[in-house]
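What follows is one structure encoded as structure tokens, with my remarks underneath.
Just so we're clear, the structure is a prediction, and the values are computed from it rather than from any experiment. Lettering follows sequence order; numbering is per chain, from 1.
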Protein chains: 2
Amino acid sequence: MSTFKQEPHKLLVIPGPIEVTDEVLYANAFPPLAHTSADFIPIFGDCIRMTRDVVFTSSGQPFLIAGSGTLGWDQVSANLVEPGESVLLLNSGYFGDSFADCLRAYGANVDEIRADFGKAVTQAELEQALQNKPYKLVAFTHVDTSTAVLSDAKMIGETVQRLSPKSLVILDGVCSVASEEIRMDAWGIDVIVSASQKGLGAPPGLSIVVASQKALKVLDNRITPVAAFYASWRRWLPIMKAYENGTPAYFATPPVNLIRAFHTSLTQITKANISLEERFQLHRDAAKRVRSAAADLGLKLVPVDPACTANGMTAIYLPEGLGVADLVPRLAKREVVITGGIHKENKDKYFRIGHMGVTVVQPERGDLDRVVAALKDSLQEALASKKNV
Amino acid sequence: MSTFKQEPHKLLVIPGPIEVTDEVLYANAFPPLAHTSADFIPIFGDCIRMTRDVVFTSSGQPFLIAGSGTLGWDQVSANLVEPGESVLLLNSGYFGDSFADCLRAYGANVDEIRADFGKAVTQAELEQALQNKPYKLVAFTHVDTSTAVLSDAKMIGETVQRLSPKSLVILDGVCSVASEEIRMDAWGIDVIVSASQKGLGAPPGLSIVVASQKALKVLDNRITPVAAFYASWRRWLPIMKAYENGTPAYFATPPVNLIRAFHTSLTQITKANISLEERFQLHRDAAKRVRSAAADLGLKLVPVDPACTANGMTAIYLPEGLGVADLVPRLAKREVVITGGIHKENKDKYFRIGHMGVTVVQPERGDLDRVVAALKDSLQEALASKKNV
């Protein structure tokens, strides 16, 4: 085994990419493998199997494809929607807006329920919409990275199953898979869209999607051709099945290094000494700690309801009179990388901290202590600088 | 600086992924950077600039997007073709077939000139097709990885400019960029589609496309919306311009580690002690060496015309009576990874060797000696095994 240690670096606590382990980075630096070789095939097959474990599905079909998380929206839009079909989108922020843009680019007729900034769509709003009109898909952002609002995936899955059982439930879990509990089968979720660089603990560059058999049946039954090539599940399904069964197949060259890094991270997540349940609890504990630090500093959270607040990241309002540029660079000077807002109208009013993966599950690293201390010092300095003017 | 050395491994001499340098792998193992940080922005900006240098363009617009090379076909198809428009595809193998499938998935009306196995489309065939019908795009695979046939990019660019100056010339350079000479501006090439894992010397996972200003004008003038979201240049163009100008912008999270690895490889390619011209010559020399080794063993090449034979890879017919399974595993036993055919009807009749990047430009590694020796020994052993039966 290697004694590889990653380079000293600023602590990366944005809501993705995140801090990753030495083992994951070392896997990313392994000499490239031939994508059809006996050395690579079981690595890819294991990734498919372990991805299922993370979201508690027995029959969901993972698609692991080189790309950003955004590519998952194209996969949903190109494979599951035919032009003119209706989609209900529960919009809780910037990423809801973008998902809607993507769906419309493929001809979907998108109805949105737009939650106010800092809020999630309520069960009553969802029920009303489902009673008014049939929808092919009901899509939502589990954690909208722009607001740290957590939608209630269980409630959404169950409500759709009760009132509109033919609809497919689409969960955008880019900022929630492996940091928030997701029970794909039990909650009736049909598609989970994710990416490698957040709770899943690898570098960015891998689009990770899991589709239920019900979703694949919808694909089978579509009348118009799939409206894409690279994002077409018809192209990828035989590839994923082949690799899982231990044989190679070719559609496009998989990102072999990143798949190996993802394999290492998935192994650390699913076969470690802490269970997935304990992992989720550690994320809840970390979120509580960051929220209480914000409260101690007199700062308010963007999410208005504690029950609808993410556990893998926190979005915090700046005090009156301070902008993002007053705070974020001061943390960077202290070697702690956080980030500003990205919600369109409010982006200079708040900042965001990520607390996922090793930062959370390896408390001996002291990451959260560093974040909280740097936040406190930076804030005091920023406020003092304003008084001096 | 690091003393990182990659793990001992089998010599990877398939036509991509290829052997990469320790420096490139170490960059891939750098702790992830925030994609909007001042640390990352110049790395991305440099990659855009150096990509231009490799293909000799001053005004071409690079797009560096997480994805496989295949995603470049979607970019061409979704941005530059409107449903029902005509594309002429010069088909010299498997990758021509797939590019045609992709164009058709986006509604293109594709006419193909299909070269026989081992041949490229001729100038006379191209001229005749261009005189018969106007085409929005003329697309070709520069090196078809399935056959090692090299198309004459300069001839194609000049012929289209002469007979059909409004057409856009699309070069699929996944298996040619940085191993074959490509003069984008001088030859009148409008789009180059490539990927990170072949001549460009990085791990797979990055779709690399360069579009001329003429191509971007065609995008501006399209009537129907761009038929994709993740592959939409309208989404990516402001991002690429922002990063090149030193400011962050967000559409989808870039694969920060792979971009850093690509930066390292591009630096080694464009700022090394050997020029690009010398690099191309070293690839020509390596190809000659492999071809002459094949001739010494009494083996015939798949490409029938030496002028239409790739310099970054070689496709060689197996002797009568031997299949891929008789040869490739014997080289693997000798720690040399080559691969079989993938051309649909002929895939068990030939094998392929890649000779790109460090394997070629660092002769002190002795890679080609190992390949030639392993090929000779494996072939003798395979032939002997048949006699014994």
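Taking chain A as the reference chain and counting heavy-atom pairs below 4.5 Å, the highest number among B:A261, B:G16, B:P255 is found for B:P255. Comparing A:T70, A:D74, A:L206 by how many heavy-atom pairs each has under 4.5 Å with chain B, the most go to A:D74. Contact tally against chain B (heavy-atom pairs below 4.5 Å) for A:A105, A:A231, A:A228, A:A252: the top residue is A:A228. With chain B as partner, the option from A:S207, A:P204, A:G107 having the largest number of non-hydrogen pairs under 4.5 angstrom is A:P204. Top candidate by heavy-atom pairs under 4.5 Å with chain B, chosen from A:S37, A:G205, A:A29, A:S77, is A:A29. For the options B:P17, B:C102, B:P203, heavy-atom pairs under 4.5 Å to chain A are most numerous at B:C102. Contact count versus chain B (heavy atoms, under 4.5 Å) is highest, among A:I14, A:D39, A:L12, for A:L12. Between chain A and the residues B:S232, B:P8, B:A27, B:A34, the largest count of heavy-atom pairs under 4.5 Å involves B:A34. Chosen from A:V24, A:L258, A:D101, A:V328, the residue pairing most often with chain B at heavy-atom distances under 4.5 Å is A:D101.
When heavy atoms are compared at a cutoff of 4.5 Å, B:P225 does not approach chain A at all. Heavy-atom distances place no part of B:I65 under 4.5 Å from chain A, backbone and side chain included. Only the side chain of A:Y106 comes within less than 4.5 Å of a heavy atom in chain B; its backbone stays farther off. Heavy-atom distances place the side chain of A:R235, and not its backbone, under 4.5 Å from chain B. For A:F95, the part lying under 4.5 angstrom from a heavy atom of chain B is the side chain only. For a residue to count as touching a neighbouring chain, one of its non-hydrogen atoms must lie under 4.5 Å from one of that chain's; by this rule A:Y94 touches chain B with the side chain only. Proximity to chain B involves both the backbone and the side chain of A:L71, based on heavy atoms less than 4.5 angstrom apart. With a 4.5 Å cut-off on non-hydrogen atoms, A:L103 does not touch chain B at all. Using a 4.5 Å cut-off between heavy atoms, A:Q197 touches chain B through its side chain atoms alone. The parts of A:V256 that come within reach of chain B are both its backbone and its side chain, each placing non-hydrogen atoms under 4.5 angstrom from that chain.
Taking the centre of each ring, A:Y230 and B:W73 stay at or above the 6.0 Å mark.
The existence of a salt bridge linking B:E335 and B:R370 is excluded, since no basic side-chain nitrogen approaches an acidic carboxylate oxygen closer than 4.0 Å.
Atom-to-atom distance recorded for A:Q75:CD and B:F229:CZ is 13.5 Å, nearest 0.5 angstrom. To the nearest 0.5 Å, the span separating CG on A:L64 from CD1 on A:I239 amounts to 12.5 Å. To the nearest 0.5 angstrom, A:R260 atom CZ is 4.0 Å from A:I43 atom CD1.
Donor-acceptor pairing under 3.5 Å is lacking for the side chains of B:Y26 and B:Q6. For the 3.5 Å distance criterion, the side chains of B:T264 and B:E23 fail to qualify, holding no donor opposite an acceptor. A donor-acceptor contact closer than 3.5 angstrom is absent between the side chains of B:T359 and B:E19.
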